[in-house]
Amino acid sequence: MKQQLQELFAAAVAKLKRDGVLAPEQQVSVRFERARQKQHGDFATNVALSLAKACGRPPRELAQLIIDALPAAPKIVKVEIAGPGFINVFLAADSQFQVVGAIRDAGSGYGHNAMGAGRKVIIEFVSANPTGPLHVGHGRGAAFGDSLARLLAAAGFEVVTEYYVNDAGRQMDILVVSVWLRYLELCGEQIAFPDNAYQGDYIFDIAATVHREHGDQYRHPGSEVCADITGQDLELQLDSLIQRAETLLGQEGYRYVLGVGLDALTADIRSDLEQFNVSFDRWFSERSLIEDHHVDNAIGALAKNGHVFERDGASWFRSSAFGDEKDRVVVRENGAPTYFASDIAYHLDKLERGFDCLIDVWGADHHGYMPRMKAALEAMDYDADRLVVLLVQFASLYRGGEKVSMSTRAGEFVTLRELRQEVGTDAARFFYVQRKSEQHMDFDLDLAKSESAENPVYYVQYAHARICSVFRQAAEKHIDISDLDGADLSLLGEAHEIALVNTLSRFPEVVENAAANHEPHQVAYYLRSLANDFHTYYNAHNFLGVEPRLRRARVALIDATRQVLANGLALIGVHAPDKM
RNA sequence: GCGCCCAUAGCUCAGCUGGAUAGAGCGUUGGCCUCCGGAGCCAAAGGUCAGAGGUUCGAAUCCUCUUGGGCGCGCCA
């Protein structure tokens, strides 16, 4: 509808150009907004206001000229000038109800569009280090990234989702040490477990697996393991323990412990996310990049273009030449590539796989990382704009009015699993996705629990269940609601029906806007308002207990409503239940 | 010190990319059919859009400054 209006008005503007009212070279984009208030009609445009200055006429006079130049359109019943020069358009009510048929025809495809034109997009999100379970902070990124993927797919993009597994580097070493020390405790050794190793209970479970499978095979005397490592700096102590693990376990043993820990943690994360209704097309291993020499190749690509130099025994990428605030190390003095180096390789890999657009969802604490990543793409002759980084602000967690720490090492965080089990996946996802991603978020656990019954998600789901219930009632009471396709929609026209159908027809715009701006929260807000329109209608009118022709029209309308509720909920990964 | 994000009702948040009288939920107060599910509906109260300038027909929205909060500024990941 919006588009039809734009075409009509574009025609009017073209006529004014021919008549010399507007300069032929004048750039004009007619934009329509839905009127916020009923007395302003259905749609409004400010085109006369924005063009008034350029053509030297008062806005209201220009508005009249545009209206006079408008081609005939049966769907428009009235056009009027309002305020300083807005043009308000009033549509014929019966033409608006046609969307009911369109929705029922399109089914689950209603609201989808072709904006993406099949362009390939890869969305990387969560990508939490596999050193412990996901906590509620990760939940926000998961809910956001997954909803965004659904949204972009609905907008005609070819979407692939990926989880980048940081299975290389020091954190993995700390994991090995943590597991090994707990294992040694299980063997009966006296160990002073370091405060800065991973404290969580899940480390015991992994250690128990090692012990169960290999008994005392990796056992060494506690005195030997812990010799000479007291009294130093805590991080240095950890380094010493890592070295000790390497020498005492040997390469094979070390890799084994690492593998057990990594497998257990990634499997845990994966099942956790699946129960959160989030699944990834691929889990991409950082380690594989290093072992397959992709990291070397990426550094080579930078070097080939002359952007790598040596200093202090390390290799540096001259990212400052591309807008970064300083240069960055890619190969350490000890010969090991940095995390940044593998990340460059990872992004190069994504580009080489043919993705037009790379979307990274990062926690806000990584924002300083963006300039160097973009710099790397440019240095390898790629357009940096192909990388879109979306920052998700932190969720500050409160319990009983006090801020809760979310440190993985301390093991004191609230896990996503706990949240899910307490409030449920649907409520949690809706709660997360309601906030736009760049908004700071206060997540009060007590509140989330106590209000879970008040969560708007139930309001929306209830609307869906209620409609399903109407259909069940009809079947039970043998009320005829067949041939909805043949319903005479012109029988509709109550104020509540007009409000409802208006909201229904808005859905495609909401999807397009939400996808274009990467804002899933718009869908959540839309759904609330759609559910509100339905509940209001439900309370004011009877569907089944009216004469058959009107019944058929009304049931067709609520069937379309059910469809849009289901489509919208699907976009944010929330179930649309038949009953609650 | 430098950089990024944020500040809207008592609380948690929207505000359609600069539009008309700033909106929801929760909380508070008062109402609703013996009828398709009351996890619902209707109504009321609640605002100097952090503050000050600027841009223009028009600013919560754009620019500058100030205040207040979050987060960064590693050969960690």
Side-chain angles (χ1 to χ4, degrees), chain A residues 31 33-37 39-40 44 46 49-50 52-53 58-59 82-86 88 127-129 131 166 168-172 235 286 311-316 325-326 328-334 336-340 342-343 363-371 391 393-394 396 431 434-436 438-444 447 450-451 453-456 458-459 461-463 465-474 476-477 479 506 509-510 513-514 516-517 519 521-522 524-526 528-529 531-532 534-546 554-555 558 579-580:
Chain A
R31 299 195 48 176
E33 289 191 340
R34 286 181 180 268
R36 217 175 291 173
Q37 284 154 58
Q39 74 236 37
H40 295 146
N46 63 353
L49 283 160
S50 59
K53 200 171 222 177
F86 293 104
N88 293 336
S127 297
N129 293 325
T131 54
N166 299 126
R170 178 174 155 84
Q171 298 194 89
M172 287 298 100
E235 291 300 313
E286 178 188 1
R311 188 171 73 204
D312 304 332
S315 299
W316 298 67
E325 57 185 4
K326 54 179 104 162
R328 309 291 174 178
V329 171
V330 284
V331 181
R332 281 182 270 251
E333 201 176 352
N334 67 9
T338 58
Y339 170 83
F340 179 43
S342 15
D343 221 6
D365 54 335
H366 282 64
H367 73 261
Y369 197 77
M370 190 158 57
L391 297 174
Q393 291 293 327
F394 270 28
S396 309
F431 187 85
Q434 249 185 312
R435 272 73 172 175
K436 69 177 174 205
E438 64 264 36
Q439 176 66 262
H440 296 278
M441 172 173 170
D442 285 342
F443 200 129
D444 187 319
L447 202 67
S450 72
E451 282 189 357
E454 309 294 339
N455 190 306
Y458 298 112
Y459 182 84
Q461 289 181 319
Y462 181 48
R466 243 183 171 178
I467 297 171
C468 293
S469 172
V470 171
F471 279 84
R472 280 194 299 274
Q473 283 290 323
E476 279 172 29
K477 295 177 181 167
I479 299 170
R506 229 175 68 205
E509 294 163 34
V510 171
N513 214 332
N517 295 304
E519 291 182 342
H521 76 273
Q522 290 192 23
Y525 277 88
Y526 168 81
R528 222 219 79 90
S529 99
N532 181 33
F534 168 73
H535 285 309
T536 305
Y537 180 40
Y538 182 96
N539 263 64
H541 297 282
N542 200 309
F543 312 138
L544 296 180
V546 296
R554 287 185 172 172
V555 171
I558 65 169
K579 57 179 79 164
M580 300 175 67

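First the proteins, then the strands, lettered A, B, ... as listed; each starts at 1.
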Identify the heavy atoms of A:Asn166 and A:Met172 that sit nearest to each other, and give their distance. O-CE, 3.7 Å
All heavy atoms of A:Ala465 vs all of A:Arg472, minimum pair found to be O-NH2, 4.2 Å
In whole angstrom, give me the gap between the P atoms of B:G51 and B:U8. 10 Å
Give me the distance, rounded to whole Å, that separates B:G10 from B:U56 when you measure between the C1' atoms they each carry. 36 Å
For A:Glu519 and A:Tyr537, find the nucleotide of RNA chain B closest to each by heavy atoms; which residue's nucleotide sits nearer the 5' end? A:Glu519
Mapping A:Leu49 and A:Ala465 to their closest nucleotides on RNA chain B, which lands nearer the 5' end? A:Leu49
Show me the dot-bracket string of RNA chain B, counting Watson-Crick or G-U pairs under 3.5 Å, with | for pairs to another strand and [ ] for crossing ones. (((((.(..((((.....[...)))).(((((.......))))).....(((((..]....)))))).)))))....
Using only side-chain N and O atoms of A:Gln434, determine if any of them is under 4.0 Å from OP1 or OP2 of B:A14. no
A:Ile558 vs A:Arg554 side-chain heavy atoms within contact, under 4.5 Å: no
What's touching nucleotides 29-32 of chain B from the protein side, N or O pairs under 3.5 Å?
none

Summary of protein contacts for nucleotides 72-77 of chain B, nucleotide by nucleotide, where a base hit scores B, a sugar-phosphate-only hit scores S (4.0 Å, heavy atoms): SSSBSB
Contacts of A:His521 meeting side chain to side chain donor-acceptor pair (under 3.5 Å) (sequence neighbours excluded), chain-then-number -> none
Using side chain to side chain donor-acceptor pair (under 3.5 Å) as the criterion, list what pairs up with A:Gln171, not counting sequence neighbours. A:Asn129
Are there any protein N/O atoms within less than 3.5 Å of an N/O atom in nucleotides 59-62 of chain B, and if so, which ones and at what distance?
none

